[in-house]
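Values below: every heavy atom of this structure, side chains too, minus hydrogens, waters and symmetry copies. Just so you know, residue 1 is the first one in the sequence shown, and it goes up from there.
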Amino acid sequence: MLGFLIAAVAGYLTPQLEDSVGDPIVKMLRRYMAVDPGEKRLVTFMVLLLAVAVLAIFAHSGSPFWLILGAIVGYFGPRLFNAGKKQIDAGNGKP
């Protein structure tokens, strides 16, 4: 369960850490290969998932399934929450 929670936090923080974590890695990678500007967030997400996997190993917590699910829920959670809220508000006659 701890691994799931850590992965959810990492997924949620991916957009906020894109500049501080993703930029240096993308700059290093561009010396060796082409990296599209839109891939910076993906690189950040992968680095954070790698860090979560290492933490889960040391904490003896979380299977790969729960780590991946936690990261997905953390990354897409705010958008899914807002979409659900919008649907509920639309059903109640609110704009």
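Legend: residues meeting ring pair (Phe, Tyr, Trp, His ring centres under 6.0 Å) with Tyr75, ordered by chain and number and at least two apart, are Phe45. Scanning for side-chain contact (heavy atoms from CB on, under 4.5 Å) contacts around Ile72 gives Ile68, Phe76, with sequence neighbours left out.
Leu49 and Ala71 get closest at one heavy-atom pair: CD2-CB, 3.3 Å. The heavy-atom pair separating Gly3 from Val52 by the smallest distance is O-CG1, 4.3 Å.
Both Val35 and Val21 belong to a common hydrophobic cluster when Ile, Leu, Val, Met, Phe, Trp and Tyr are linked at side-chain heavy-atom distances under 4.5 angstrom. By the rule that hydrophobic residues join a cluster once side-chain heavy atoms approach within less than 4.5 Å of another member, Val47 and Val26 end up as members of one cluster. One hydrophobic cluster, built from ILVMFWY side chains closer than 4.5 Å, holds both Leu48 and Val9. Both Leu55 and Leu2 are members of a single hydrophobic cluster when ILVMFWY side chains are connected at heavy-atom separations under 4.5 Å. Leu5 and Phe65 fall within the same hydrophobic cluster, where Ile, Leu, Val, Met, Phe, Trp and Tyr residues are linked whenever their side-chain heavy atoms come under 4.5 Å apart, directly or through other members.
Note: Phe4 CZ to Leu67 CG = 10.0 Å, rounded to the nearest 0.5 Å. Atom CG of residue Asp19 and atom NZ of residue Lys40 lie 4.5 Å apart, to the nearest 0.5 angstrom. In this structure, the separation between CE on Met33 and CG on Leu29 is 4.5 Å, given to the nearest 0.5 Å. In this structure, OG1 in Thr44 is found 11.0 Å from CD in Gln16, a value given to the nearest 0.5 Å. Taken from CE in Met46 to CG in Leu42, the straight-line distance is 4.5 Å, to the nearest 0.5 Å.
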Handout entry: side chain to side chain contact (heavy atoms under 4.5 Å, CB included) assessment of Asp89 paired with Lys85
Key = CA-CA 6 Å; Asp89 290 343; Lys85 186 178 176 187; 3.9 Å; yes
